[in-house]
Amino acid sequence: MASTERQHQFGQAVKVLLADKVGSCSGDVIALTRQILRGSRSQELLGQAARNMVIQEDAILHSEDSLRKMSIITTHLQYQQEAIQKNMEQSRNLQDQLRHAMK
């Protein structure tokens, strides 16, 4: 009878240990699942960041091209301004000459 009691206690102890191990393994599986989900989310965020970076790079290149074109336009406008000023000066000179000729 004592041996039956010992077997019963041993069986109960084994059940408790087994339940603890199952609980521990369940916790580990949950932690692993969370880590995998975080890794998956990280990959998703990295992919999104890469796509955003490409979009920004395109915008920067477009802006750089626009600035280059504006610089060329500015240079041409400066040339035109200088030509207009020169023509105005010549026009003044001609007006002065006409006034002197008419006197």
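Quick caveat: nothing in here was measured; it's all calculated off a predicted structure.
- Pairs engaging residues 7-31 under the salt bridge (charged side-chain N to carboxylate O under 4.0 Å, His left out) rule: none recorded [sequence neighbours left out].
- Looking at heavy atoms from C-beta onward, Met88 lies out of side-chain contact with Gln85 at the 4.5 angstrom threshold.
- One distance of note links CD of Gln80 with CD1 of Ile73; it measures 10.5 Å at 0.5 Å rounding.
- In this structure, Ser91 OG and Asp96 CG are separated by 9.5 Å, a value rounded to the nearest 0.5 Å.
- From Ile60, atom CD1 reaches atom CG of Asp65 across 14.0 Å, with rounding to the nearest 0.5 Å.
- With 3.5 Å as the limit, one finds no donor-acceptor pair spanning the side chains of Arg51 and Gln48.
- For the pair Ser40 (side chain) and Ile36 (backbone), a donor-acceptor distance under 3.5 Å is absent.
- Residue-environment remark: CD (Glu57) stays at or below the threshold of 12 foreign heavy atoms within 6.0 Å.
- Listed for the Ser71 side chain is no donor-acceptor partner under 3.5 Å among the backbone atoms of Leu67.
- With hydrogens and angles disregarded, a donor-acceptor distance shorter than 3.5 Å links the side chain of Ser26 to the backbone of Val22.
- The CZ atom of Arg41 sits 11.0 Å away from the CG atom of Leu46 when rounded to the nearest 0.5 Å.
- Considering CG of Asn52 and CG of Leu45, their distance stands at 10.5 Å, rounded to 0.5 Å.
- Considering NZ of Lys69 and OG1 of Thr74, their distance stands at 14.0 Å, rounded to 0.5 Å.
- Using a 4.5 Å heavy-atom cutoff, the side chains of Ile30 and Arg34 are in contact.
- Judged as a salt bridge (Lys or Arg N to Asp or Glu O under 4.0 Å), and not counting sequence neighbours, the contacts of Glu64 are Arg68.
- Glu89 is linked by a salt bridge (Lys or Arg N to Asp or Glu O under 4.0 Å) to Arg92, counting only residues two or more places apart in sequence or in another chain.
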